[in-house]
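Reviewing the structure listed below.
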Amino acid sequence: MTADTARDLTEGREPGSATAAINPFDVSDWATPFGLPDFEAIRPEHYVPAFAHALKAHEAEIAAIAGNEAPPSFVNTVAAMERAGAALDRVANVFFNLTGSNTGPELQAIERAVAPQLARHSSAITLNPQLWDRLTAVDADAEGLGAEERRVLDRYRSRFRRAGAGLAPEAKARIAEIAIRLAELGTQFAQNVLADERDFILPLDGEDDLAGLPPFLRDAAAEAAKERGGAHSHVITLSRSLIEPFLVFSTRRDLRAWAYAAWTRRGETGGATDNRSIIAEIVRLRAERARLLGFDSFAHFRLDDTMAGSPDAAMELLRNVWKPALHRAAEEREGLQALVRAEGHDFALEAHDWRHYSEKLRRAEHDLDESEIKPYLPLEGMIQAAFDTASKLFGLSFEELRDVPRYHPDVRTWLVRDADGSEVGLFLGDYFARPSKRSGAWMSAFRSQERLNGDIKPIIVNVMNFARAPRGEPTLLSFDDARTLFHEFGHGLHGLLSDVTYPLLSGTAVSRDFVELPSQLYEHWLQQPEVLRAHARHVTTGEPMPDALLERLLAAATFNQGFATVEYAASAIVDMTLHLSAAGEDGLDVVAFEADALRRIAMPAEISARHRAPHFAHIFSGDGYAAGYYSYLWSEVLDADAFDAFREAGDIFHPETAQRLRRTIYGAGNLRDPREAYTAFRGRLPSIEPLLKKRGLAA
């Protein structure tokens with residue numbers, strides 16, 4: 001973005017124009033069904049003036065709160081802050097959802113300009129001494145505040161304190177500078193990874209190149225080739241839904257090595273999209289910010305306000321899982337190497353071989369073939385399975401809406417109703433990979449539930465990256481894909497079922513190591529015979545999955561779990577080690593640091609970390625999971641124990657247990673401390689044993 005365009009953002013003009021044209025964000029309520037954003041009217045040029053106007057409006061609202069001459073109270077300070085910024089939330093929710101799921105050069109240029117603007121704006125609020133004085137002066141006891149109001153007040157005070165509100169002026173100024181720079185760096189990191197993913201293709205132009213690929217993967221590779229311009233008959237991209245099955249099925253070891261190298265070296269290719277220097281600066285700035293706030297490291301800062309409470313607690317969990325996982329992975333490696341030798345080869349197993357030979361071993365040990373399973377897992381059937389599970393647990397129903405705005409033709413929309421017929425909210429599904437979408441899968445909100453400003457119903461979106469089947473043919477999922485769909489829908493339910501008054505507490509706005517509980521818990525229902533018998537039906541015949549195949553599928557649930565646990569835990573350990581040990585080093589060589597961290601935990605050479613640092617978007621495209629990637633495992637301790645509540649009740653849809661789950665977890669947002677919330681559901685805190693049993697790592 002040019003300097004002129006950045007100035008336009010500040011001054012509220014469209015780029016290169018003196019006045020703003022008619023802008024869909026100018027209206028307070030969209031005249032669309034259910035208040036959906038007016039996607040089809042919104043164009044890139046609308047965002048710059050919309051952000052500028054919304055920022056000015058929010059600044060005025062905050063100034064009025066801070067300058068209020070009346071004595072501070074919950075209503076005129078905390079509730080007033082909760083009501084402020086509605087226009088900014090509205091434009092930001094649309095913009096940042098689209099920069100992840102349907103971006104392009106124009107949106108990326110605006111994103112690079114607006115990210116530091118928003119960081120500066122946020123710092124101006126949290127470092128405002130008048131606001132901080134008012135927040136600290138609110139007397140909950142004197143006002144007789146209820147439990148939810150006390151929680152909101154506590155969360156505001158914590159947010160401001162952790163942002164530096166109590167620091168000296170010089171430290172506050174530096175904190176604000178760091179926030180702005182981190183916003184710039186995180187945006188650039190994410191855009192670099194997307195560029196590397198978008199620009200790479202592995203062309204497969206002859207039968208030799210396609211050797212070993214089953215029909216479903218050939219079809220998906222042909223469809224990807226069409227989307228990339230049709231210069232090749234088939235291509236493999238770096239979308240996980242293409243690259244992983246290619247590594248599983250391709251018998252061309254040279255092509256597997258080529259594809260795997262590209263996949264694992266995103267963000268590390270040199271040139272304009274290389275992320276290594278960006279990471280070094282991010283780590284240094286995070287460490288500096290933590291020290292300014294009085295913490296030993298960024299990891300100590302981040303975990304101070306989590307369920308784990310400290311890096312030591314998180315690392316203890318990782319160590320408790322690492323040792324049995326490493327032992328299991330070594331056994332798995334020997335089995336795979338024996339298979340290599342049995343085929344008459346003399347090469348040593350490498351990382352690009354593991355998935356290929358693991359699939360062969362799974363066939364041999366469990367008589368399972370991925371291409372045999374996929375016809376029973378069509379995308380449409382798995383969507384309905386997720387919906388039906390929510391219906392049986394929580395009484396929800398889903399009505400697909402056809403004539404509504406959408407930000408891409410692939411997006412589908414459902415109206416969600418409760419058991420009594422009342423509207424719960426809207427659910428959007430965006431399922432297919434495309435070059436304009438970042439990799440991975442996630443849940444987000446275009447609008448969050450709250451009651452402070454009226455009975456506001458949520459608009460929730462799930463974004464996936466499944467490989468599309470040829471037009472007119474059904475898309476088939478792997479079992480891992482289906483698990484991802486259930487996982488993200490669990491997040492979606494966390495947003496949809498939110499039942500709070502204040503926006504700050506809504507839905508998924510909970511501790512990072514608690515937010516994965518609703519999503520990972522929901523995965524359990526996919527793996528229940530009752531659900532699979534009802535919904536795993538052959539895409540052509542409609543026949544249910546045969547019992548023999550179903551039994552083999554479930555019996556293989558812990559197959560290769562040494563590998564899966566090691567590749568995940570390695571990433572979590574590197575994340576934590578970076579944010580504990582690389583405290584402000586100048587010239588940090590992140591690749592060397594990563595290699596040393598993995599060497600010290602005896603990382604097997606045949607397994608790569610699930611996310612290598614140069615493309616580890618969870619922790620470097622923003623602070624979201626920084627020093628917090630362990631949280632998936634922490635939440636897995638919770639979800640493994642939580643599902644046992646249904647087993648103990650003797651019914652995976654036990655009504656009383658489901659209602660308690662909705663009330664204390666899915667609907668409660670951040671009403672309680674996470675330990676209190678879990679105890680309210682389960683009656684106690686969990687132990688690690690159900691997790692080890694679930695992963696097949698128990699002694």
Return the orientation label for the [X] and [Y] ring planes: parallel under 30°, perpendicular over 60°, tilted otherwise.
X: His611; Y: Phe616; answer: parallel
X: His524; Y: Phe643; answer: parallel
X: Phe160; Y: Tyr156; answer: tilted
X: Phe563; Y: Trp354; answer: parallel

Look at [X] together with [Y] and state whether they make a salt bridge at an N to O cut-off of under 4.0 Å.
X: Arg412; Y: Glu380; result: yes
X: Arg363; Y: Glu359; result: yes
X: Asp644; Y: Lys693; result: no
X: Lys694; Y: Asp639; result: yes
X: Asp388; Y: Lys392; result: yes
X: Arg533; Y: Asp547; result: yes
X: Arg286; Y: Asp623; result: yes
X: Glu365; Y: Arg552; result: no
X: Glu656; Y: Arg660; result: no
X: Arg362; Y: Asp369; result: no
X: Arg662; Y: Asp418; result: yes
X: Glu567; Y: Arg355; result: yes

Worksheet item: Is there a side chain to side chain contact (heavy atoms under 4.5 Å, CB included) between Leu326 and Ile601 once you walk through the steps?
Response: CA-CA 10 Å; Leu326 202 61; Ile601 60 172; over 6 Å; no

Roughly how far, to the nearest 0.5 Å, is the [atom2] atom of [Y] from the [atom1] atom of [X]?
X: Leu521; Y: Phe486; atom1: CG; atom2: CZ; value: 12.0 Å
X: Asn465; Y: Ser239; atom1: CG; atom2: OG; value: 4.5 Å
X: Glu332; Y: His327; atom1: CD; atom2: NE2; value: 10.5 Å

Worksheet item: Between Arg438 and Trp442, is NZ or CZ placed under 6.0 angstrom from the six-membered ring centre and within 45° of the ring axis?
Response: yes

Worksheet item: Cationic tip of Arg512 within the cone over Tyr625's six-membered ring, i.e. under 6.0 Å and within 45° of the normal?
Response: yes

Worksheet item: Can you tell me if Gln561 and Thr558 form a side-chain donor-acceptor pair at under 3.5 Å?
Response: no

Discussion item. Could you check whether Arg610 and Ser571, counting side-chain N and O atoms only, form a donor-acceptor pair closer than 3.5 Å?
Written reply: no

Discussion item. For Thr679 and Thr664: C-alpha separation, side-chain torsions, deciding distance, then whether side chain to side chain contact (heavy atoms under 4.5 Å, CB included) applies.
Written reply: CA-CA 9 Å; Thr679 303; Thr664 60; over 6 Å; no

Discussion item. Run Tyr502 and Val78 through side chain to side chain contact (heavy atoms under 4.5 Å, CB included) and show every step you take.
Written reply: CA-CA 10 Å; Tyr502 295 93; Val78 180; over 6 Å; no

Worksheet item: What residues, two or more places apart in sequence or in another chain, satisfy ring-ring contact (aromatic ring centres under 6.0 Å, His included) together with Phe301?
Response: Phe295, Phe298

Worksheet item: Run the ring pair (Phe, Tyr, Trp, His ring centres under 6.0 Å) check on Tyr568 and Tyr629 step by step: do they pass?
Response: CA-CA 9 Å; Tyr568 160 77; Tyr629 194 63; 5.1 Å; yes

Worksheet item: Within a reach of under 6.0 Å around CZ of Arg483, are more than 12 heavy atoms found that belong to other residues, nucleotides or ligands?
Response: yes

Fill in: Working for ring pair (Phe, Tyr, Trp, His ring centres under 6.0 Å), residues Phe432 and Phe466
CA-CA 5 Å; Phe432 299 117; Phe466 300 142; 7.6 Å; no

